[in-house]
Every structure is written in C-alpha cells, then in structure tokens.
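Take a look at the structure below.
Order of the sequence lines sets the chain letters (A, B, ...), proteins ahead of strands, with each chain counted from 1.
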2 protein chains.
Amino acid sequence: MGRHREFDVEKALDAALCVFWRKGYEGASYADLTEAAGVERPALYSAFGNKEALFRKVLARYYERYVDYVPAALQLPTAREVAAHLLQGAIDLTTRFPDHTGCLGIQGVLAGSDEAEPVRQALIEARVEAEAQLRERFERAKAEGDLPETARPDTLAAFLMAVLHGMAVQAKAGFSRETLEAVAEQALATWPAGKGEGDLRVRPQP
Amino acid sequence: MGRHREFDVEKALDAALCVFWRKGYEGASYADLTEAAGVERPALYSAFGNKEALFRKVLARYYERYVDYVPAALQLPTAREVAAHLLQGAIDLTTRFPDHTGCLGIQGVLAGSDEAEPVRQALIEARVEAEAQLRERFERAKAEGDLPETARPDTLAAFLMAVLHGMAVQAKAGFSRETLEAVAEQALATWPAGKGEGDLRVRPQP
DNA sequence: CCTTTTTCATAATGACCGTTATTAAAGCCC
DNA sequence: GGGCTTTAATAACGGTCATTATGAAAAAGG
C-alpha cells in the first residue's frame, strides 16, 4: 500500500551517473544531482541512501552497462586479442560521449578530502581486481602458448592497465579518438608474439 | 618600512604543495593548508592571494623543483634515452614520498566542480605543452636518424605521456616502484630502434 | 469514507567552504 | 619616541555543502 513512486529510478540513476562521470564524486553536488535527475533531494535520499551509497550504486551500474567490454574481452582466444579489445573498448567508452569523457573509475576520486577516502579506496579496489583478472588471463595465455615463456603476465597486466589509465586521463583532457587509437597501436607494438603470431597491428586487415 | 613577515614563505609554499599533492585542489581546504603551513588564514591570503593563485604558485614550484627531470631528459642524445629518463624520473617522483604519491599535475583536478574548471584547464595545458616539447624532441630525433623514418613523433609522444599518466594513477593507488619499473620497461620494449641501437632495456648493464 | 502508509515538495539544519573586516602587535622613518 | 605602515590573530562573513524534519498529497486496505 501507500503512494507510488513518481520518478523513474533507472533514469535518475542514469542522470546521477552522468553527473558523477563529468564532475567526479566530490565535484558533484546534490544541487547538480537533483537538477540532472529532475527529482528533489529527499527523493534521492529515500531511494538510494546518502551520497556515498548513491555513488556506489552508480559505480555498479557503470561497470554493468559501460565497462561490459572487459569480461567480453577476457574471453577472447588470445592474449593479444584481449589486449586489443580492451584498448579499443576503453577508447570507445572514454570518447563516445562528448559531455562526459574519460573514465568514471579514474576520475571519480583520484585525490580528495579525507571524507572521500572510502570511495577512493573502492575505486582502487575495483581497478586492482580488474588487473588481477587480466593477470590470470595472461597466465592462462602463457600456459596455452599464445604468450612466450619469457612473458611476465603480471607485468603485461600492469602495463596494459597503465596505458588504459593514461588514455583515460588523455580522454578527459579532450584527446581525439584517432590520437588514442594511435596510442593503443603503439602499446600493442610491444606485445610479445605467441606461436605463429606475426601481425602486430590493432585491427589486422584481411 | 612596516612589520616584517614572521613565517617563511618558502616553507609555507612547501607545506601547501604537500597538501595539494595529497588531496588535490578541491580536496584541500584552508583548514588543511593553514594547519600544514603553521600559518593563519589571512597570512596565506595576503602572501599568495586566493586559493587558485596559491595553487598556481604551488604548481610552478612543483614543476621547478620536482619535475625538473623533464627538461634534463629532453637534452639527452637519443630519443630512447629521453623516454627512459622520463619514465625513470616519473617513477622516482611518484613513489619517492610515501605520504604524497602520484603526480600533482594529474590528481590536482582531473574532474571537479565548475568552480575548479580554470585550474583543471591549466593542468591540461601544462600537460599539452609537455607533450608538444616531447613531440618536437622526437621530430629532431627522427631528423638526426636515431628514430626510423617510419616513426611517428606525435604518436610516440602521446604514447609515452599515456604511460606516464597511467603510472601516476597507479602510483596514487599505492603501486610499488618495482611494479612501475616493470611497466616502464615494457613500454620501452616497443621503442623503435634507430641506427645501431639493439639494446632495448631500461638501464643497460655493462 | 476513513485510516494507514508511502512519496512528494518546501525549507530548515549544523557544519564547513573560501574569503575578509577588524583590531592588536611589531618594526622603520622622521 | 610618535606617526606610519605592514603583518598577525581573532572572529566573523555570506554561501554552499550533505542531510533531514515537516507537513501536504496520493494511493491502497478495511
């Protein structure tokens, strides 16, 4: 029983996602959030809890709906394809929307006040977990022979994450998709070749 | 004539530098700044102007005193040495101080409120200028033959900057110096060889 | 229809933000 | 040493922050 909720929770979350993406966790105020969502303050609190809880819900949504290329990439057959797909996916994500470029997981809280420390740690943990998945995938690739015996899966994972993070910083600075694709290609040029892999380009032509 | 200033302006700037480095521009409050500097609020205002002016002074100091390895690197004889020195310098800078890791130029304002937009743009411009200097250096290297004719100086500059930014993000997340050195080595593994350059390691052993 | 329950909107909360009067203290010139 | 200038310290400024009390509006049950 009781009154029905009038606003669309999904749309409100999407609006909050955009605001956090653009301004980061601490840079986004409730004035921004309520204006974007078209919903009054108490409605956001009753629906999502406080600001940190709202951000965590938004972050989960972000990973589900925008960073879904990561699990997809991890299932590709070779380590090189995994890396190439991750790079291309990150470029798409960080440059697709002109009004909120970059990556929420990076610019959410890179540095901030003590009050934002839990959120900052949450973002770090998410990145660490992603890197661990990547390392495990490359260990498998090494076992399967599509990475050479001399390859270091942990280093490759850390390197790839560094390039991804750096491209996210550049995307937030307004870099073009073309520039980022050149960066990705250069990153892949370093990629150790497995058995019978000679073509080192991002998207091999037939 | 008039009363002499009692606090050390240089030390106050150093203190503010540390605070901004740790918490970013908007994350640092005047309560933090005055406590770190041991100086009351009005003294900071009369000596440096408002928060943005203080940050810009701090940023200039940061480049002078901490990022001085960049102009030094640009004068090295080969493009590869330039890249290697930049990578090593960034690793040193971003991991040397355990209480303020990462890079002020990155985590100062990556994303923030509208009020921080001018500072954000200033940081972007500084990075763009650094990348332009790097590109020019690599163009010279190409002309001098220590980069091959197929090399793209703009791409190499953007790639190197991406790796540097990514390492700064990782350093702020607490990554160890050893990990970052492995990342740097992997980044250099792709480096296009000039005439008679075969050794692609970061620090060649005798 | 009336009560109950939930949501809505208005507006207020205390705390902290960056910034600045205001007043007292300290040093130089005449 | 008095007048003048600059700095120091206290305390306040208006504004915005995240958060919430309050009461009206709306829907369901009995």
**Prompt:** Measuring from A:Ile106:CD1 to B:Leu110:CG, what's the distance to the nearest 0.5 Å?
**Reply:** 8.0 Å

**Message:** Return whichever of B:Lys51 or A:Ser46 has its heavy-atom-nearest nucleotide of DNA chain C closer to the 5' end.
**Reply:** A:Ser46

**Request:** Assess whether side-chain hydrogen bond (donor to acceptor under 3.5 Å, both in side chains) is satisfied between B:Gln170 and B:Thr179, documenting all intermediate values.
**Result:** CA-CA 9 Å; B:Gln170 290 176 328; B:Thr179 300; over 6 Å; no

**Message:** Looking at A:Glu52 and A:Arg56, is there a salt bridge between them, counting it only when a charged N and a carboxylate O are closer than 4.0 Å?
**Reply:** yes

**Asked** Is there a side-chain polar atom (N or O) of B:Asn50 under 4.0 Å from OP1 or OP2 of C:dT19?
**Response** yes

**Prompt:** Thinking salt bridges, do A:Glu139 and A:Arg135 make one under a 4.0 Å N-O criterion?
**Reply:** yes

**Prompt:** For A:Phe48 and C:dT7, what is the distance between atoms CZ and P respectively, to the nearest whole Å?
**Reply:** 12 Å

**Spacing of A:Phe7 atom CZ relative to C:dA9 atom C1', expressed in whole Å** = 13 Å

**Message:** Need one value for B:Ala47: base, sugar-phosphate or nothing, where a base atom within 4.0 Å counts as base even if backbone is also close, heavy atoms only.
**Reply:** nothing

**Pair A:Glu26 + A:Lys23, salt bridge at N-O below 4.0 Å** = no

**Prompt:** C:dA9, C:dG27, C:dT19: which one has an atom nearest the side-chain heavy atoms of A:Glu40?
**Reply:** C:dA9

**Asked** C:dT7, C:dA25, C:dT19: which one has an atom nearest the side-chain heavy atoms of B:Arg3?
**Response** C:dA25

**Item:** DNA chain D: 5'-proximal contact among A:Glu115 and B:Gly38 (nearest heavy atom)
**Value:** B:Gly38

**Asked** Mind checking which nucleotides bracket the chain B contacts on DNA chain D, 5' to 3', with an atom under 4.0 Å from a heavy atom?
**Response** D:dT5 to D:dT10

**Prompt:** Can A:Glu117 and A:Gln121 be counted as having a side-chain donor-acceptor contact under 3.5 angstrom?
**Reply:** yes

**For B:Phe97, all residues meeting side chain to side chain contact (heavy atoms under 4.5 Å, CB included), sequence neighbours excluded** = B:Trp21, B:Tyr66, B:Asp99, B:His100

**Asked** B:Leu44 has an atom CG; how far is it from atom C1' of C:dC17, in whole Å?
**Response** 15 Å

**Message:** Can you measure A:Tyr45 atom OH to C:dA11 atom P for me and round it to whole angstrom units?
**Reply:** 19 Å

**Asked** Rounding to a whole Å, what distance do you find between B:Asp32:CG and C:dG18:C1'?
**Response** 13 Å

**Item:** For atom CZ of A:Arg41 and atom P of C:dA11, their distance in whole Å
**Value:** 13 Å

**Item:** 5' priority, DNA chain C, between B:Glu6 and B:Tyr25 [closest heavy atom]
**Value:** B:Tyr25

